[in-house]
Protein chains: 4
Amino acid sequence: MPEMPSPRGRRKEARPSEIISAAFALFAEKGYAATKMEDIARAAGVSRGTPYLYFTNKEELFKAMLRDMLLPKLQEGEARLLAMAHLSAGEQLCALLQMWWQLQGETPLAALPKLMIAEAGNFSEVAEMYQKEFIEPGDAMIRALLQKGIASGEFRPLDVEYALTAICAPVVMAMVMRHSLTCCLPAEFDGRRYIQTLCDLLLQGLRAREKA
Amino acid sequence: MPEMPSPRGRRKEARPSEIISAAFALFAEKGYAATKMEDIARAAGVSRGTPYLYFTNKEELFKAMLRDMLLPKLQEGEARLLAMAHLSAGEQLCALLQMWWQLQGETPLAALPKLMIAEAGNFSEVAEMYQKEFIEPGDAMIRALLQKGIASGEFRPLDVEYALTAICAPVVMAMVMRHSLTCCLPAEFDGRRYIQTLCDLLLQGLRAREKA
Amino acid sequence: MPEMPSPRGRRKEARPSEIISAAFALFAEKGYAATKMEDIARAAGVSRGTPYLYFTNKEELFKAMLRDMLLPKLQEGEARLLAMAHLSAGEQLCALLQMWWQLQGETPLAALPKLMIAEAGNFSEVAEMYQKEFIEPGDAMIRALLQKGIASGEFRPLDVEYALTAICAPVVMAMVMRHSLTCCLPAEFDGRRYIQTLCDLLLQGLRAREKA
Amino acid sequence: MPEMPSPRGRRKEARPSEIISAAFALFAEKGYAATKMEDIARAAGVSRGTPYLYFTNKEELFKAMLRDMLLPKLQEGEARLLAMAHLSAGEQLCALLQMWWQLQGETPLAALPKLMIAEAGNFSEVAEMYQKEFIEPGDAMIRALLQKGIASGEFRPLDVEYALTAICAPVVMAMVMRHSLTCCLPAEFDGRRYIQTLCDLLLQGLRAREKA
DNA sequence: GATGAATGAGCGTTCATTCAT
DNA sequence: CATGAATGAACGCTCATTCAT
């Protein structure tokens with residue numbers, strides 16, 4: 001009988017992550033304020049007081065949850081990008097967007113952008129963390145690709161910062177819509193085809209014109 | 001004594017819209033849950049009880065506010081688009097994005113996307129209204145342009161629905177960031193230059209290749 | 001119909017003092033921690049939320065209550081003492097102790113010493129206020145009498161500070177016992193006779209021996 | 001290996017008294033309500049659940065602690081008083097007050113009066129025990145001395161019960177102040193000098209007048 | 001016996017809503 | 001109509017107590 005979900009005295013070290021998982025799901029679905037600590041506790045299969053054994057209060061649980069969600073993902077992306085160094089800037093850019101979608105857009109992490117957009121105003125500390133730990137590094141990768149492509153003549157000269165925003169927005173917005181305005185997405189939304197369409201658009205849009 | 005903002009004898013018909021304005025500003029800034037009815041009343045210069053004379057409860061005020069914000073804007077856009085019928089599809093698309101930015105992105109209405117993203121999950125009725133009254137008509141305009149451009153050979157054939165999402169996302173995301181993750185926007189963000197960069201990218205990205 | 005205890009919209013300015021009265025009675029009887037805000041509200045005839053309209057939280061209510069109880073009483077005592085300036089130091093001392101008993105020991109204020117003893121450790125700010133606003137001025141009066149009596153030869157020389165403590169203690173302790181260890185007081189305790197006995201003891205105890 | 005304070009194998013019989021010691025220190029310092037069972041357990045060096053192996057609940061622990069503190073002390077006082085039988089009533093009274101101070105006022109037991117004053121109202125059973133086991137016997141000794149002194153003409157006739165209260169109060173109050181309103185005691189309070197001053201005052205105050 | 005993770009009743013506090021004036 | 005004092009349900013959090021190990 002390996003499994004014994006006895007209500008008392010269970011696996012201690014699993015608790016925090018179970019609570020964080022429940023918190024993530026509920027915060028992502030309903031937002032910070034509309035999520036009750038009791039909901040989280042029940043979703044995690046524990047009693048009202050248990051979350052407080054591991055997290056000082058609701059706000060700290062929220063922040064801890066974000067930390068847990070954000071941090072472990074980025075190294076993977078950076079490592080993968082290195083393996084593409086031999087490709088052209090355009091190929092690397094498309095590979096990066098696809099990877100981004102697969103690592104975040106197709107996983108529960110896709111809920112994060114919506115959550116951050118909704119709560120950043122009320123949790124500036126969290127917003128800063130999100131930006132520093134997650135957005136900045138991601139932006140840096142794409143920015144480097146754009147600069148490299150422009151320098152090599154593969155891409156035409158563009159305002160890099162604005163292009164960066166315009167390139168990321170479709171990926172982020174697709175995640176947002178999967179978790180918020182679902183009605184605004186095509187009924188049978190296929191994320192990979194969507195990213196492919198985006199890449200087609202961007203690749204031709206960025207390319208330097210052939211001198212006839 | 002033409003107008004005297006006496007506490008009682010003010011133009012009464014203005015009350016509801018003053019309350020709605022205050023509600024809009026506060027809901028947009030802090031979200032639904034974090035906005036107190038008392039804050040709205042105070043911001044509108046009325047007492048705690050007055051909003052309830054015009055709106056059944058907080059949720060109805062929220063919905064009424066959204067209706068008031070959304071509906072009056074769309075006719076204007078549609079009218080303007082008609083005047084561009086003589087332009088090419090690409091020119092019309094750029095003109096439309098610029099107009100969109102000017103009519104919403106540069107006005108207080110830019111706060112709406114963030115608000116909808118944050119609250120759609122808790123107010124499905126509101127989300128449906130937003131989609132039907134605001135997003136659908138806007139999407140329809142752009143969809144029509146894309147189809148027309150493809151049909152005429154000006155644009156290359158693309159998956160219209162996915163392209164549509166990818167085209168709108170950068171505009172929407174810029175509005176969101178102005179109201180939520182401000183840190184993620186370039187410090188001196190110039191919306192019109194941003195839209196221009198986006199149009200450059202899209203126009204070339206959409207164009208059909210010249211044969212030969 | 002002058003009285004109309006309608007549950008809503010009643011005499012506003014009476015509320016804070018009604019709440020303070022209820023709080024005083026309950027805090028004095030049960031101590032700070034064992035007194036629930038709900039008890040206070042019910043005792044004051046209001047609902048759970050009403051005390052918070054007038055006092056930030058339980059602690060502030062406690063402090064406000066003490067301020068209200070302490071401050072108004074001292075001027076009266078000082079004024080009365082002035083009227084006794086023509087008496088001997090011993091006569092003044094006895095008159096002062098009797099007055100003290102009548103102004104505090106026989107009124108609800110007699111509950112204060114017990115309350116302060118019980119809570120001073122957990123509310124140092126309150127304890128300081130109590131000492132500064134209440135004890136210090138009272139001590140100063142008695143100290144001055146002792147010094148005057150010693151200087152004039154009416155009292156024999158004594159360590160004034162220790163005598164001061166020993167003189168006040170019986171008065172304070174009688175108040176404490178009326179509200180706490182009631183069992184330790186004679187069954188038919190007559191405060192005025194008690195003070196008289198104390199004065200007899202003190203007057204003779206303090207008197208300088210007649211030479212010869 | 002004569003003694004090794006290993007976490008488990010410690011002398012078990014000591015557990016309850018270690019818990020009582022910790023409880024006494026904390027209850028005396030912070031009061032009943034503000035003292036958490038967990039604090040007591042930690043201070044006693046045991047785990048959260050251990051106190052419940054020896055005491056039914058917090059209230060029983062409180063009562064057991066008081067019993068343990070109170071009972072063992074009184075025999076000693078009575079024995080010592082017997083040894084003074086040859087002294088005058090006044091000398092015996094002073095010796096008794098000094099002994100009282102030394103046996104209680106200068107030991108941790110000095111914390112008891114404050115604790116009893118604070119909690120008697122919420123624990124009438126405890127208050128009765130305190131009075132019966134501690135106060136009554138002490139009062140009886142002093143009462144007997146007063147009666148004897150009056151009968152022999154050493155003391156003038158006084159209301160014995162009230163004098164009794166007035167005589168004990170300064171001793172008790174000094175203990176209270178050391179643990180509660182410390183600010184109200186002279187900065188360098190010397191208990192023995194204080195008792196001496198009190199005795200000077202009382203001896204002269206009680207003495208029968210010499211018939212001139 | 002001893003542990004400490006877990007429980008859940010209970011309290012302080014907030015705020016949407018009401019209604020006497 | 002407008003006010004704002006009052007209400008009371010609901011939620012965050014604490015801590016005495018339990019019990020599987």
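Chain naming here is simple, since letters A, B, ... match the order of the sequence lines and numbering starts at 1 in each.
- Side-chain to base pairing of Arg48(D) with dT17(F): one donor and one acceptor N or O lie within less than 3.5 Å of each other.
- Sequence neighbours left out, the pairs with a member in residues 36-46 of chain A that pass salt bridge (Lys or Arg N to Asp or Glu O under 4.0 Å) are Glu38(A)-Arg42(A), Asp39(A)-Arg42(A).
- Close to dA6(F), at under 4.0 Å from its OP1 or OP2, lies no side-chain N or O of Ser47(C).
- A straight line from NZ of Lys58(D) to C1' of dT18(F) spans 17 Å, rounded to a whole angstrom.
- Atom CZ in Arg42(D) sits about 12 Å away from atom P in dG4(E), given to the nearest Å.
- For Asn57(D) and dT18(F), the CG to C1' distance is 13 Å, given to the nearest whole Å.
- Considering every non-hydrogen atom in both Leu26(B) and Ala43(B), the closest pair reads CD1-CB, 4.0 Å.
- Taking Tyr130(C) as the reference, Phe134(C) meet the ring-ring contact (aromatic ring centres under 6.0 Å, His included) condition, with sequence neighbours excluded.
- Look at Tyr52(A) and you won't find any side-chain N or O under 4.0 angstrom from OP1 or OP2 of dA6(E).
- Residues of residues 22-40 of chain B that place a heavy atom closer than 4.0 Å to DNA chain E, in numerical order, are Thr35(B), Lys36(B), Met37(B).
- Evaluation of the salt bridge (Lys or Arg N to Asp or Glu O under 4.0 Å) rule for Arg67(C) yields no partner, not counting sequence neighbours.
- The shortest non-hydrogen separation linking Tyr54(C) to Pro16(C) is CD2-CG, 3.6 Å.
- For the pair Thr50(D) and dA2(E), the criterion of a side-chain N or O lying under 4.0 Å from OP1 or OP2 is not met.
- Considering only residues two or more places apart in sequence or on other chains, Arg48(C) meets the side chain to side chain donor-acceptor pair (under 3.5 Å) condition with none of them.
- Separating the CZ atom of Phe62(B) from the P atom of dA16(E) is a distance of 14 Å, rounded to the nearest angstrom.
- Between Gly49(A) and Gly49(C), it is Gly49(A) whose nearest contact on DNA chain E lies nearer the 5' terminus.
- Distances were taken from every side-chain heavy atom of Tyr54(D) (C-beta onward) to each of dA2(E), dT17(F), dT13(E); the shortest belongs to dA2(E).
- Listed for the Thr50(C) side chain is no donor-acceptor partner under 3.5 Å among the backbone atoms of Val46(C).
- By the 30° and 60° cut-offs, the orientation of the rings of Tyr32(B) relative to Phe27(B) is parallel.
- Atom CD1 in Ile19(A) sits roughly 10 Å away from atom C1' in dA6(E) (whole-Å rounding).
- No side-chain heavy atom of Asn57(C) sits under 4.5 Å from any side-chain heavy atom of Met37(C).
- DNA chain F is contacted by both Leu53(C) and Thr56(A); Leu53(C) maps to the nucleotide lying nearer its 5′ end (nearest heavy atom per residue).
- Taken together, the paired segments of DNA chain F that extend over three or more consecutive Watson-Crick or G-U pairs, each closer than 3.5 Å at both contacts, are E:2-21 with F:2-21.
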